[in-house]
Amino acid sequence: MLTTTAGWLLVRSDFGRVLIAIRENEERSAYLGIPVSRIKTMLMVFAGMVASVAGFGYAAFSNVVAPEMAGFQLGTELLIWTALGGRATLLGPVFAAIGIDTISSWLSGAMPFVWKLLTGVAFVLVIVLLPRGLAPLIGALWRKLRPKHVPEVHAIRLNPAPAGRMLQASFGDAPPLCLSQVSRRYGSLQVLRDVNLDAHGTELLGIIGPNGAGKTTLMRCISDGNERTGGAVRVNNAEIARGSPQDIVGLGVGRSFQNTNLFDTLTVGECLQLARYRIDGAKLFDRRETVSLPQPALDILKTTGLDKMLAEETRNLSHGMKRGLELAMVLATEPSVLLLDEPTAGLTRPERMAIGAVLTRLTKEFGLCIMLIEHDLDFVRAICNRVVVLHQGAILMEGTVEEVVASDLVKAAYTGLQKEAVA
């Protein structure tokens, strides 16, 4: 009972939302600065402590200790309790364990020859008909029957972050992002070849090139120290070495993905709280009523209308709103180097222009260094200070959008790839 109560308080807390985020999307959690491996290790240690105390109590109660007591049968029963009760729920497996043990004890006495068969048939039927278990079904019925005046969702309010936590930064003489001889190889396939690039504060740098040129791979090499095969990456004059994504977030790198990468079962407000984990932490057995965000993140939320949808689950948002939420989450980590992989893909023209205005403000007013992958040259021309063209994993050219578009070398590279694709 004590363990269940403590678990119930934990999963309803801010830290419980962190656990849900790790369960749903480890990659996105790591790129928000959440120490995924450390938290999973801590949970394993805590679960081992609970199991050791439970084992001691059972041994003291029964006065019997034997290896067979924790063998294959017990492991199978744990899976059955979880599957029948409901995965990703707390009380479902608890009630399933009590119910199944009670029913099994009765059936073993009333029907000693067929009770195991009946239990197995019931288990198979639930797995086939209710793959998520019984708890979600009971929860849905409860939500339908509950009084309408009872609030269903924990309310979260937005506050501006304190002035000291704004994105202003001084990089000194060194550029905030320096790449030296960066390369990436997959077996015999050379995806990146000796990329040398400096990106400066207050600069919006566009990265363009045909599909397969290595643009997204380049961003992975910047945001994950284990991605590159050779070369060096320095962020704010610090070598990222073989640092994990959460370590590099701590150096000041924020990244959005080519495909929207969020947490479907969490609300907009809860996603924003997750993005502030590295800065504000998470309460262990309590929940915050507010989340403090830097002004650029608040601007994105207001532009997309998400500031009025904080209690909405992200799976119910439109594509444009999901894009806006992901950008707001990245800005909530207060980066100094911002990596955006096609942030306007699938957006309408007004939405693209609104995002572009916010990005331009980030460079001018907050001194951010922004690296942007984009195929929309009109959008790139409107906001980028400099453009770098990647071709077959190497830098083909860099300059203004006009210089790049007018280059015969760039035209030949695109045309050549298109002919190869047709052939």
Side-chain angles (χ1 to χ4, degrees), residues 1-13 15-17 19-20 22-24 40 42-148 150-154 264-266 284-285 313:
M1 180 64 70
L2 291 176
T3 303
T4 303
T5 302
W8 183 78
L9 293 174
L10 180 64
V11 298
R12 291 175 58 86
S13 67
F15 189 74
R17 294 297 177 267
L19 300 182
I20 293 174
I22 293 174
R23 183 193 70 205
E24 289 196 2
K40 291 171 68 175
M42 179 189 67
L43 286 176
M44 183 65 69
V45 171
F46 179 75
M49 293 170 58
V50 173
S52 64
V53 173
F56 172 79
Y58 182 80
F61 173 77
S62 63
N63 291 323
V64 176
V65 177
E68 294 77 12
M69 297 173 60
F72 177 78
Q73 181 177 350
L74 178 60
T76 304
E77 288 177 349
L78 292 174
L79 294 176
I80 293 175
W81 297 339
T82 303
L84 292 180
R87 292 172 295 170
T89 65
L90 178 66
L91 297 180
V94 173
F95 287 120
I98 297 173
I100 291 174
D101 274 7
T102 302
I103 294 174
S104 297
S105 298
W106 178 76
L107 286 177
S108 62
M111 304 176 182
F113 301 105
V114 297
W115 73 273
K116 289 187 177 181
L117 175 63
L118 295 177
T119 303
V121 170
F123 173 68
V124 172
L125 288 176
V126 171
I127 292 300
V128 173
L129 301 177
L130 297 171
R132 295 181 58 198
L134 295 172
L137 177 63
I138 297 173
L141 292 175
W142 166 247
R143 285 191 294 272
K144 181 177 287 189
L145 298 175
R146 72 188 301 179
K148 299 298 182 183
V150 177
E152 293 190 9
V153 185
H154 176 66
D264 289 342
T265 63
L266 298 183
L284 195 58
F285 292 106
E313 290 187 354

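No hydrogens, no waters, no symmetry mates; every other heavy atom, side chains included, goes into these values.
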Inset, instruction - Kindly indicate, with the supporting measurements, whether the criterion side chain to side chain contact (heavy atoms under 4.5 Å, CB included) is fulfilled by L19 and L10. - result: CA-CA 10 Å; L19 300 182; L10 180 64; 4.2 Å; yes
Inset, instruction - May I ask you to check whether over 12 heavy atoms, not counting those of L2, lie within 6.0 Å of atom CG? - result: no
Legend entry - Exercise: identify the closest heavy-atom pair between D264 and E313: O-CB, 4.0 Å
Legend entry - Under 3.5 Å donor-acceptor, R17 side chain and V11 backbone: yes
Legend entry - Under 3.5 Å: donor-acceptor pair, side chain of S13, backbone of L284: yes
Inset, instruction - Give a yes or no on whether F285 atom CZ has more than 12 heavy-atom contacts from other residues, nucleotides or ligands under 6.0 Å away. - result: yes
Inset, instruction - Output the distance between atom OG1 (T3) and atom CZ (F46), rounded to the nearest 0.5 Å. - result: 7.0 Å
Legend entry - Distance, nearest 0.5 Å, that separates CZ of F15 from CD1 of I20: 11.5 Å
